[in-house]
Amino acid sequence: MADLLSLSLDLQILLVSGYFAYKTAVIGKLQTDTKEELFLKIVAFGVIGRLLTYALQGLWTLQGFHWGLSGNAAVVTYSALVIINAMLSAMFWRAIGSEWYSKAMEHFEIYRDDHEPSTWNSIIGARALWDCVQIHLEDGKVLESHFNKLDKKVPLPGIRLHEDGVSVYLSAIYRPDGTSEQFTQGDNSGFETITYIPRSQIRQMDVSWKVRQPRR
């Protein structure tokens with residue numbers, strides 16, 4: 001931390017904005033970046049955030065407006081703009097840019113993978129509408145969560161996926177002996193029950209999904 005604070009203010013803004021953008025781009029994904037790759041990605045996002053901010057300032061000036069800020073107000077405003085623009089670039093990369101890049105590489109027959117570090121990252125990064133998941137456990141049970149059967153006004157709706165495991169609201173359990181149990185969320189005096197499944201207990205996960213239709 002002392003080393004970071006000893007850097008120039010411009011470098012501090014670049015690194016902080018790059019860090020927020022990096023977290024935006026990779027949150028929920030399995031990370032395999034080395035320290036060097038992590039640093040370069042943070043710097044890259046920070047530089048993009050700064051370039052976008054410069055472009056906005058240029059457009060602002062071309063329209064005949066003036067910055068009109070000085071001192072601490074100018075520093076705070078500039079820092080916020082760099083961070084916001086860096087995060088917007090990360091959102092674009094995660095939602096669209098990465099997919100376009102992979103399709104271009106495949107089109108020119110450079111490589112045919114999607115450049116993700118794992119198949120899991122490819123699945124959770126796909127732009128698709130999830131309807132149902134079935135989680136197969138090591139003990140033979142299958143946990144099912146059918147999102148359309150669940151109340152949308154709950155904490156952490158749908159499914160949460162992280163490196164340590166997943167959490168879902170169960171709609172059914174299927175046991176190895178052929179028996180099953182259906183659940184209706186909200187029957188517990190209006191409370192919902194969320195289930196956490198550690199990664200070590202998961203053998204397989206099936207996802208029911210379809211192409212997400214663009215909003216109109």
Quick one: are [X] and [Y] in side-chain contact, heavy atoms under 4.5 Å?
X	Y	result
K141	Y174	no
F183	S171	no
V166	R160	no
I48	W93	no
I197	L143	yes
Q204	Q134	no
R199	D164	no
L56	N85	yes

To the nearest 0.5 angstrom, please state how far the [atom1] atom of [X] sits from the [atom2] atom of [Y].
X	Y	atom1	atom2	value
H146	S208	NE2	OG	6.5 Å
I135	M205	CD1	CE	4.0 Å
S17	L81	OG	CG	11.0 Å
E144	S180	CD	OG	9.5 Å

Looking at [X] and [Y], what are the two nearest heavy atoms and their distance?
X	Y	answer
Q12	L7	NE2-O, 2.9 Å
Y169	I194	CE2-CB, 3.8 Å
A73	T77	O-OG1, 2.8 Å
F45	S89	CD2-OG, 3.8 Å
V154	E192	CG1-CG, 3.4 Å

Are [X] and [Y] linked, directly or through other ILVMFWY residues, by side chains that come within less than 4.5 angstrom of each other?
X	Y	answer
Y196	L156	no
I42	L51	yes
V142	L161	no
Y54	V76	no
L170	I202	yes

Going by distance alone, is a donor N or O of one side chain under 3.5 Å from an acceptor N or O of the other, for D10 and S8? no
Salt bridge (Lys or Arg N to Asp or Glu O under 4.0 Å) partners for R203, two or more places apart: none
R94 backbone acceptor or donor facing S98 side chain under 3.5 Å: no
Check: R175 main-chain N/O paired with T179 side-chain donor or acceptor under 3.5 Å: no
Cluster partners of I84, using ILVMFWY side-chain heavy atoms under 4.5 angstrom, listed by chain and number? L88, M91
Suppose we screen for side-chain hydrogen bond (donor to acceptor under 3.5 Å, both in side chains). Which residues come up paired with Q201, at least two apart in sequence or across chains? none
Residues in side-chain hydrogen bond (donor to acceptor under 3.5 Å, both in side chains) with Y22, at least two apart? Q31, D33
Between F92 and M87, is the side chain to side chain contact (heavy atoms under 4.5 Å, CB included) condition met? List the steps. CA-CA 9 Å; F92 176 83; M87 292 179 67; over 6 Å; no
How would you list, by chain and number, every residue that makes a side chain to side chain contact (heavy atoms under 4.5 Å, CB included) with W209, sequence neighbours excluded? I123, A126, A128, W130, V207
Which residues satisfy the side chain to side chain contact (heavy atoms under 4.5 Å, CB included) test with L129, sequence neighbours excluded? K210, R212
Would you say CZ of F147 has more than 12 non-hydrogen atoms from neighbouring residues, nucleotides or ligands within 6.0 angstrom? yes
Passing option when V82 is tested against T53, V47, L14 for side chain to side chain contact (heavy atoms under 4.5 Å, CB included): T53
